[in-house]
There are 2 protein chains.
Amino acid sequence: MWLQVDPRSPTPVYQQIVDGIKGAVAAGWLKPGDRLPSVRDFAVSLAINHNTVAKAYQELERSRVIEVVRGRGTFVASPGQRPPPDVEERIEKLRDTLRLAWIEAYHLGLVEDEFERMFRQARDDARGGEGKEGL
Amino acid sequence: MWLQVDPRSPTPVYQQIVDGIKGAVAAGWLKPGDRLPSVRDFAVSLAINHNTVAKAYQELERSRVIEVVRGRGTFVASPGQRPPPDVEERIEKLRDTLRLAWIEAYHLGLVEDEFERMFRQARDDARGGEGKEGL
DNA sequence: GCATGTGTACTACTCGAACTAGTACACATG
DNA sequence: CATGTGTACTAGTTCGAGTAGTACACATGC
C-alpha cells in the first residue's frame, strides 16, 4: 500500500490520511479523476475502522481535494475549480504556521540563509519526493 | 498581561504559553536575564492551574529558552549557549512542517511567488510583530 | 426488482492527553 | 524560621480520537 499510518503518532490517524493524500496529489502521484479506494477497502488496508477513513474523506472534500459521488466512489478533483469555503481562514492559519516556524528556527540557532534553503528544499520534497516519481 | 491564552483552543494551553514565550524572546520583547513570573503568579494571571504553567516552563527549559533556578525563579536564557539535546529531531520536525506548508499552499491555489512572499512576511512578523516594538 | 458496492449517520464504548485541584516536598533568600 | 521558588504526586474531570456495529440512501448492473 502506498500510504501508511501510525496509530501511536500524536497526529490523529484521519489527519495522517488527509496529509498523505494531499501530498500525493500535490506531488502528481495522484491525478485528477483517479479513484480512491472505498472507505471499507481503505480501512482494511490500513487496519483501521472505516469511519476514520470516512472522516478523512469528508475533510478532503471540504478542502476540494477530492469529489465524492454517493454510490459510486471518491475521485481526485480537478484543481482550481472552486475554492474551499474557508480559504481565508486556511491562509491565515498557514501564515501563523510560517511565523511559528521562523520562531522555532531562531531558537534552534538556524541562521536566515539556512532556513531559506530548508524552505526551498521542502518545496522540492513536496513535489516529487518519496523516491518514486514520474521522472 | 502581555500574554493571553484561550482554554477552548485546540492547541493545549501549555503549548500556547510555550509558543508565546518563544515568540516574545525571538522578537526581542523578552531579553536574556529577564525574569519570568512565578508559576503561581502566572497561573493566576492566566486564570489556569499552576501545574500547567510548570509544564510549559519545563518544555521551555528543555528547549534552552529559559533557565530555571530552584528557589529563585526562571529567567530568559542567553542564546546559543548549548543546543537542546534533540536538535536534530526538532530540525527534522521543522522540515516536515515546511513540507506540509508547501502542500497546503498548493491546494489553496497559491503560486510560488505568493507563498515566498508570505514566507518573508512571516519572518518580519516573527521579529517585532504584535504592534509594540523597540523601534 | 434485487443484489451489490458506495458514502453517510448514528449509538455505545474505550482510551489517552490535557487539565483541574489539592497537597507535599526541596531549595534559596533574608 | 518564614517566605517564595520550582517540582512531584495523587485523584478526578473533560474531551477528542478511535473502535465496533448497525442501519440508511443512492448508483450500478444483473
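The sequence lines fix the lettering, A, B, ..., with proteins before strands; numbering per chain opens at 1.
Contact check for Asp34(A) versus Lys31(A): side-chain heavy atoms found under the 4.5 Å cut-off. Under the 4.5 Å side-chain criterion, counting only non-hydrogen atoms from C-beta, Pro84(B) is not in contact with Arg62(B).
Within the nucleic acid shown, Arg70(B) comes within 4.0 Å of at least one base atom, counting heavy atoms only. At the heavy-atom level, Arg8(B) lies nowhere under 4.0 Å from the strands shown.
Here the range on DNA chain C touched by chain A, meaning any atom under 4.0 Å from one of its heavy atoms, is dG5(C) to dC10(C).
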TODO: Just do the side-chain contact (heavy atoms from CB on, under 4.5 Å) check on Tyr14(B) and Val53(B) with the steps written out, would you?
DONE: CA-CA 6 Å; Tyr14(B) 81 91; Val53(B) 179; over 6 Å; no
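With Gln16(B) contributing its side chain and Asp6(B) its backbone, the two residues share a donor-acceptor pair below 3.5 Å. With hydrogens and angles disregarded, no donor-acceptor distance shorter than 3.5 Å links the side chain of Thr52(B) to the backbone of Ile48(B).
With DNA chain D read from its 5' end, the first of the two nearest nucleotides for Pro7(A) and Arg35(B) is the one closest to Arg35(B). Nearest-nucleotide assignment on DNA chain C puts the 5′-proximal partner with Ile48(B), out of Arg40(B) and Ile48(B). DNA chain D is contacted by both Gln16(A) and Val69(A); Gln16(A) maps to the nucleotide lying nearer its 5′ end (nearest heavy atom per residue).
Here Gln15(B) pairs with Pro12(B), Val18(B), Asp19(B) under the side chain to side chain contact (heavy atoms under 4.5 Å, CB included) rule; sequence neighbours left out.
Phe115(B) and Phe119(A) have tilted rings, their planes meeting at an angle from 30° to 60° on a 0 to 90° scale.
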- [ ] For DNA chain C, produce a single dot-bracket line, 5' to 3'. Pairs: Watson-Crick or G-U wobble, both distances under 3.5 Å. Symbols: ( ) within strand, [ ] crossing, | other strand, . unpaired.
- [x] ||||||||||||||||||||||||||||||
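A salt bridge between Glu116(A) and Arg120(B) is present, with a side-chain N of the basic residue lying under 4.0 Å from a carboxylate O of the acidic one.
Rounded to whole Å, atom P of dA20(D) lies 11 Å from atom CG of Asn51(A). Taking atom CD on Glu59(A) and atom P on dG18(D), their separation rounds to 13 Å, with Å as the unit.
Between Tyr14(A) and the phosphate of dA17(D), there is a side-chain N or O to OP1/OP2 separation shorter than 4.0 Å.
With rounding to the nearest 0.5 angstrom, the CG atom of Leu46(A) is 5.0 Å from the CZ atom of Phe42(A).
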